Structure formats: C-alpha cells, structure tokens
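Chain letters run A, B, ... following the sequence lines, proteins first and then strands; every chain starts at 1. Remember, predicted model here, so these are calculated numbers, not experimental data.
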Protein chains: 2
Amino acid sequence: MLTLFYAPRTCALASHIALEEAGADYRLKRLDFSKTEQQSAEYLALNPKGRVPALSSERGVLTETPAILAFVAQTHPQARLAPLDDAFAFAEIQAFNSYLCSTVHVAHAHKVRGSRWADDEAALEAMRRKVPQSVGACFDLVERQMLRGPWVMGDTYTIADPYLFTIAQWIEGDGVDPARLPRVMDHRKRMLERPAVAKAVAHETAG
Amino acid sequence: MLTLFYAPRTCALASHIALEEAGADYRLKRLDFSKTEQQSAEYLALNPKGRVPALSSERGVLTETPAILAFVAQTHPQARLAPLDDAFAFAEIQAFNSYLCSTVHVAHAHKVRGSRWADDEAALEAMRRKVPQSVGACFDLVERQMLRGPWVMGDTYTIADPYLFTIAQWIEGDGVDPARLPRVMDHRKRMLERPAVAKAVAHETAG
C-alpha cells in the first residue's frame, strides 16, 4: 500500500492525480501547513526535507515530484502514463518535469518562500515583485516551445500532464495574465474534464 | 552520435562524466559563456532555454541534467549506471538528482544568477549573503541523511555520483566550510580516482 503525504494547493497534487490515473492502491495523508505539520518530528523522521510530496511504500519513502511520477508510471505499466520502452521519449518527459521543478516551481516559490534565499524584508519584496516576470517567462516557453498539444508530449497523455496542470494552478496568483497563455489554459481546462483529475481536485477542495 | 553542449565549471560536467563512464559514442561542443554563446541564435534554435547541458541525438535534443543522466544509463545498460529493473531503486536515484537540481543547484545559483529572481542590487547582495547558509543546509542534509557511502546509493556507483561530485565542486566557492562535510569530501576525492572522472575534469581544465 502506498501513502501519499500531501497538502492542498501544493505540487503534491501532481502525484495525487498520477496515482489516481494509474488506478494505484493508495491512501492519502494530509499535512496541515498552517500548523507546520511538515516540520513535526514525526514527519521529519519520514521525510527529513520537511516538504511535500512524500510517497511511502513498503520499500521506503520517495520524495521529489519527478521521481514519484516516474515511479508511479513504471510500477503501473498498464496505465500507460509514460513510454517505458523508449528511453528517448521517457527522457523527454523527465526533462519537461525537471524544468517544472527546478525552474518554474522555483520562480513561483520566490513569492512566498523567498526566505529560503534571503533574510531582509526589502529583498523578499524585490523577489515578490519579479515573480510575474520570471514565472511569465517560464510559461511563455512552455506555451510556445514545450507544450505540443493536446497533451504535453503530443497525442498521448503522460505524467508530464498532471505536473503541468498542477503548476498552472498558480498562474493567476503569480500575476501572470492567462490571456497570453491560450494553449496552457486550454490544457488546464481539458485536464479538469478527466475523472481522475476532477476527483483529486475535489478531494483537495473538500478539505 | 551524441553531442553534449557544455561549458566548463557548470553542472554539464555530470553528463560529461556519465557519458564517459558509459563508454558512449559522443563528442563535446563547448560554449563560451564569456561570449554569451549560450544565448546565440544558433544555440537557442537547438535549446530555447539558453543553458547547458544539452545533449543532441538523432532523435532530438535533451536538456536537464537528471533527464540526460537517466537517458545515458538506460541507453547504455552494460555500464550499469542505474538499477534499470528496479523501479523503486531507480526512483531513489531520480529523487536524489531532482533534489540536486531543484534545491541545491538553485541555492547555489543565488550567488551569481540572482538576477533571475530580483532586479535591484541590494536584493542581489542579500541573496549572495545567504548562500553559505542555504547551500550549507543542503549539504548538511546530503552529508547526514542522503549520501549512503561509499557511493551515493551505497555500494553501487550510479548516475547520482557524478551529479553530486559536480555540485560539490562549488562548496568552497559558496562559502561552506568543507570540514563540516567529511563524507561529501571523501566522496569527491574518491570520484577523482575514477579514470572517467579524471578524464572529464582534465578535458574541462585544459580549456
């Protein structure tokens, strides 16, 4: 049995959707960030990074969204969430997901997590000011060069799709005008039409 | 034939080492960052991100270190650079490499690439000031919790090793005292004893 440790409105939604799409046998464990449960001794013993997502299994605990997504795809081959017999196509998905975690999510994080990289309030404010520009530039690249359509990798739905969908939830909040991202917004809309996505989103919203 | 686009003293060294360890048929194409060649029209046509590494093949271009490393391992199974038939063990490597790219490298990047996330000089200076602390905290976690020893994943050398070695090149320059990281420094030293590593490093140093 897999257990996904998550919090609403975080990137853990991508792993939640992938587990649902895969038909995985899993349960959810919600962490309350308002009570800083991700920094509790109990959780740090499980995931010393003190962040979400974390996926526990009988083999141990996995962290980092790209790793969890690839693991779900590889252990549920019948769900066809990644081209498991084509190393180049698999690497293209990994490259897309790696860009989301190391560049897009990082740009976004400068809005409310700037204290990871600077201490004084003026610097944090300077970071917040640039988020619309830095996140916008990332999504311009996704819109023009990376999102093939209708799904990220083209005709076939993969583990790149729930991750893009998840990060794209933050576009408006990051001060990026969605009107300049018609293909990303179309992707976001079509994702919500998938039962697995709707179920995961509804679960998070239900609180 | 694979071509690795790289620049010295960047994270592209990890992919260079992995190609060498794999016995891959590859060539190197150096970009001169002092001439901003990574932003040239020719290179942007190949890699719109304008960064390194990029690995071109007859199938197309791959970017992002974790994706390139996994691709090299999967396409050169005889080199045994990753546990290709064990999804959980493979995911552990992906999780380690994802942490390096999305957290450790990002913390380091606030020293000289702060303009990605803020514009005014006082904010850039505030970011630079925190690098010893933020990079140090990352390496403390690697030292205490993640590096199993003697190699990252334990007894077996994998694609996590060249990536850790590469990022660990920056420890002193980031103002982190190597004396607090004996296991990481031991790993760095033993890596240099591997012929593939020594060859890749010598090639970069030769200019």
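- Contacts between Val61(B) and chain A at a heavy-atom distance below 4.5 Å involve the backbone alone (N, CA, C, O).
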All inter-chain donor-acceptor pairs under 3.5 Å (chain A, chain B):
{"from": "Arg59(A)", "atom 1": "NH1", "to": "Asp86(B)", "atom 2": "OD1", "distance (Å)": "3.3"}
{"from": "Arg59(A)", "atom 1": "NH2", "to": "Asp86(B)", "atom 2": "OD1", "distance (Å)": "3.3"}
{"from": "Arg59(A)", "atom 1": "NH2", "to": "Asp86(B)", "atom 2": "OD2", "distance (Å)": "2.9"}
{"from": "Asp86(A)", "atom 1": "OD1", "to": "Arg59(B)", "atom 2": "NH1", "distance (Å)": "3.3"}
{"from": "Asp86(A)", "atom 1": "OD1", "to": "Arg59(B)", "atom 2": "NH2", "distance (Å)": "3.3"}
{"from": "Asp86(A)", "atom 1": "OD2", "to": "Arg59(B)", "atom 2": "NH2", "distance (Å)": "2.9"}
{"from": "His110(A)", "atom 1": "NE2", "to": "His110(B)", "atom 2": "NE2", "distance (Å)": "2.8"}
{"from": "Ser115(A)", "atom 1": "O", "to": "Lys130(B)", "atom 2": "NZ", "distance (Å)": "2.6"}
{"from": "Asp119(A)", "atom 1": "OD1", "to": "Lys130(B)", "atom 2": "NZ", "distance (Å)": "2.7"}
{"from": "Asp120(A)", "atom 1": "OD2", "to": "Arg129(B)", "atom 2": "NH2", "distance (Å)": "3.3"}
{"from": "Arg129(A)", "atom 1": "NH2", "to": "Asp120(B)", "atom 2": "OD2", "distance (Å)": "3.4"}
{"from": "Lys130(A)", "atom 1": "NZ", "to": "Ser115(B)", "atom 2": "O", "distance (Å)": "2.6"}
{"from": "Lys130(A)", "atom 1": "NZ", "to": "Asp119(B)", "atom 2": "OD1", "distance (Å)": "2.7"}

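- For Ala123(B) against Ala126(A), the heavy-atom pair with the smallest separation is CB-CB, 3.6 Å.
- Neither the backbone nor the side chain of Phe96(A) comes within contact range of chain B, judged by heavy atoms closer than 4.5 Å.
- In this structure, chain B has no heavy atom under 4.5 Å from any part of Ala73(A).
- For the residue pair Ala91(A) and Phe71(B), the shortest heavy atom distance occurs at CB-CB, 3.8 Å.
- The candidate from Ala107(A), Ala89(A), Ala67(A) with the greatest count of non-hydrogen atom pairs under 4.5 Å with chain B is Ala67(A).
- A 4.5 Å side-chain heavy-atom check between Cys101(A) and Cys101(B) finds at least one atom pair inside the cut-off.
- From Leu62(A), atom CG reaches atom CZ of Phe90(B) across 12.0 Å, with rounding to the nearest 0.5 Å.
- The candidate from Ala87(A), Gly114(A), Ala122(A) with the greatest count of non-hydrogen atom pairs under 4.5 Å with chain B is Ala87(A).
- For Ala70(A), no part lies under 4.5 angstrom from a heavy atom of chain B.
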